**Q** 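Pasting in a structure now, in structure tokens, and then I'll have a few things to ask.
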Amino acid sequence: MYLEEADVAEELNPSTAEEEEQQIKPRKNGLYPGVSDELAESMASGWADTELHDLQPIAQATHTAARRAALSRRFPGERLVIPAGNLKTRSNDTEYSFRAATEYAYLTGDQTEDGVLVLEPTADGHTATIYLLPRSDRENGEFWLSGQGELWVGRRHSLGEAEQLLGLPAKDVRELPELLREATGPVRAVRGHDAGIEAALTDKVTAERDEELRVFLSEARLVKDAFEIAELQKACDSTARGFEDVVKVLDKAEATSERYIEGTFFLRARVEGNDVGYGSICAAGPHATTLHWVRNDGAVRSGDLLLLDAGVETTELYTADVTRTLPINGRFSELQRKIYDAVYDAQEAGIAAVQPGAKFRDFHDAAQRVLAERLVEWGLVEGPVERVLELGLQRRWTLHGTGHMLGMDVHDCAAARTESYVDGTLEPGMCLTVEPGLYFQVDDLTVPEEYRGIGVRIEDDILITEDGNRNLSDALPRRAEEIESWMASLKG
Ligand code: GLY
Ligand code: MN
Ligand code: MN
């Protein structure tokens with residue numbers, strides 16, 4: 001899809017704000033190549049005023065304000081710069097779909113590419129301003145002759161509209177690089193999202209100080225507020241519906257490949273949410289033993305298990321992270337069920353250990369102990385269990401940690417310090433996954449042949465409450481017999 005005259009788009013598609021400024025000025029006497037003055041004049045006028053008034057603030061506006069206030073308290077007297085990020089080119093004029101940086105969306109509730117949140121220090125805190133690309137100017141041709149023109153990419157909010165929706169002042173982002181270059185005083189920025197903003201700050205920031213900002217914004221998200229908990233519940237409920245969709249089409253997947261499962265879940269994620277929160281793992285048969293199986297191009301066979309690890313990301317960017325291991329023909333074999341039940345028991349022990357005041361490591365230890373006990377009982381590793389755990393011998397088959405924080409990122413709060421997260425204590429409002437698994441590789445000569453190629457994981461999203469925990473993903477069955485009857489009811 002190009003402008004009618006491709007060379008016009010080429011010439012007028014600006015690469016910097018300055019170039020845009022110069023290039024989109026109306027030029028007389030046919031100076032827009034291929035655009036008559038008459039057409040330029042026609043396109044500049046005759047448009048209705050569509051400004052929206054009296055908009056209600058977004059649902060999370062009070063929460064984003066509280067999050068910004070906490071950030072302000074942590075870094076008094078410093079200018080803080082938090083960009084949304086830019087579109088990434090896929091090929092020439094085609095971009096990957098955009099997903100705003102977590103820190104920016106967390107602090108603003110906005111998801112617009114190129115947006116930047118700036119907290120300017122004041123005598124008693126900060127003034128927050130959001131910098132955005134405003135609506136396209138119609139008179140100077142930007143509307144239709146610029147690559148970011150609304151004719152091409154759709155209507156944006158005006159700055160006035162954005163102010164009403166987000167509850168903070170909005171300014172033109174094209175003015176920001178210059179403001180930042182000229183600014184004096186200490187500055188910190190979230191890195192890795194907007195090279196243009198980082199270039200404007202290059203002589204003003206240091207990696208160490210910027211990392212402290214990133215760490216703070218990661219740790220701030222360890223305990224979720226009421227809006228976030230509701231979003232995570234929404235994500236889990238949509239995800240449960242996506243799993244049901246998959247069960248209903250397993251016969252079609254058998255006739256095609258794992259891709260049918262991936263596409264089916266993706267449909268649910270796009271219709272009800274923003275996207276999937278991570279690449280769906282649709283692992284049939286021995287692919288279940290490959291932890292990050294996202295190629296999803298394998299055969300789906302009756303008699304095998306399907307390990308489906310997938311999560312819907314809501315429109316406000318909170319994701320679920322759920323795994324179910326399902327018998328493709330609807331019935332577990334005896335051995336599949338034995339392994340499944342061991343993982344189920346490990347998950348039960350893990351979930352029971354998710355309590356306010358417990359250490360983060362406790363639920364991992366509880367789940368690993370159950371799995372080690374079964375591996376010893378089955379004769380796959382020599383006991384006693386204490387020795388197995390001490391030497392970590394069960395890890396040949398358990399492979400990964402039993403869970404992680406969950407939120408806007410699937411592996412949420414990843415920049416948090418060890419003392420606040422991995423060595424930390426669980427608090428009400430934290431949300432984490434409990435996801436033990438057993439994986440017997442196809443070429444593992446240390447286990448009987450019938451175990452080889454079986455992988456089982458069960459993963460749920462657990463909210464820590466004042467008096468225990470709540471399983472946000474319990475709309476999906478977990479016990480083997482419940483899985484079987486649920487599948488039978490869906491397949492009709
Ligand atoms: N889906 C990635 C994980 O479970 O951590
Ligand atoms: Mn997962
Ligand atoms: Mn997970």
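A quick note: this is a predicted structure, and the numbers were derived from the prediction, not measured. Order of appearance sets the numbers: ligands from 1, and atoms from 1 within every ligand.
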**Q** Kindly compute the distance separating CG (Leu308) from CZ (Arg457), expressed to the nearest 0.5 Å.
**A** 10.0 Å
**Q** Does Arg99 come within less than 4.0 Å of Glu313, counting only side-chain N to carboxylate O?
**A** yes
**Q** What short N/O contacts, under 3.5 Å, does ligand 1 make with the protein, listed by atom pair and distance?
**A**
{"residue": "ligand 1", "atom": "1 (N)", "partner": "Asp309", "partner atom": "OD1", "Å": "3.2"}
{"residue": "ligand 1", "atom": "1 (N)", "partner": "Asp309", "partner atom": "OD2", "Å": "3.0"}
{"residue": "ligand 1", "atom": "1 (N)", "partner": "Asp321", "partner atom": "OD1", "Å": "3.2"}
{"residue": "ligand 1", "atom": "4 (O)", "partner": "Asp309", "partner atom": "OD2", "Å": "3.3"}
{"residue": "ligand 1", "atom": "4 (O)", "partner": "Asp321", "partner atom": "OD1", "Å": "3.4"}
{"residue": "ligand 1", "atom": "4 (O)", "partner": "Asp321", "partner atom": "OD2", "Å": "3.1"}
{"residue": "ligand 1", "atom": "4 (O)", "partner": "Glu435", "partner atom": "OE1", "Å": "3.0"}
{"residue": "ligand 1", "atom": "4 (O)", "partner": "Glu435", "partner atom": "OE2", "Å": "3.4"}
{"residue": "ligand 1", "atom": "4 (O)", "partner": "Glu459", "partner atom": "OE1", "Å": "3.2"}
{"residue": "ligand 1", "atom": "4 (O)", "partner": "Glu459", "partner atom": "OE2", "Å": "3.1"}
{"residue": "ligand 1", "atom": "5 (O)", "partner": "His404", "partner atom": "NE2", "Å": "3.0"}
{"residue": "ligand 1", "atom": "5 (O)", "partner": "His411", "partner atom": "NE2", "Å": "2.7"}

**Q** Classify the angle between the aromatic ring planes of Tyr340 and Tyr344 as parallel (below 30°), tilted (30 to 60°) or perpendicular (above 60°).
**A** parallel
**Q** Set out, in order, the CA-CA distance, both residues' side-chain angles and the distance that settles ring pair (Phe, Tyr, Trp, His ring centres under 6.0 Å) for His411 and Tyr278, then state yes or no.
**A** CA-CA 10 Å; His411 296 160; Tyr278 53 92; 7.8 Å; no
**Q** Which pair of non-hydrogen atoms, one from Arg209 and one from Arg188, has the smallest distance, and what is that distance?
**A** O-NH1, 2.8 Å
**Q** If I only include protein atoms of type N, O or S, how many are less than 2.8 Å from the Mn ion (ligand 3)?
**A** 4
**Q** Can you classify the ring geometry of Phe265 versus Phe243 as parallel (below 30°), tilted (30 to 60°) or perpendicular (above 60°)?
**A** perpendicular
**Q** Is the closest side-chain donor-acceptor distance between His404 and Glu435 under 3.5 Å?
**A** yes
**Q** Determine the interplanar angle of the Phe440 and Trp378 rings, folded into 0 to 90°, and report it as parallel if under 30°, tilted if 30 to 60°, perpendicular if over 60°.
**A** tilted
**Q** Between Glu95 and Arg90 (salt bridge meaning N to carboxylate O under 4.0 Å), is one present in this structure?
**A** no
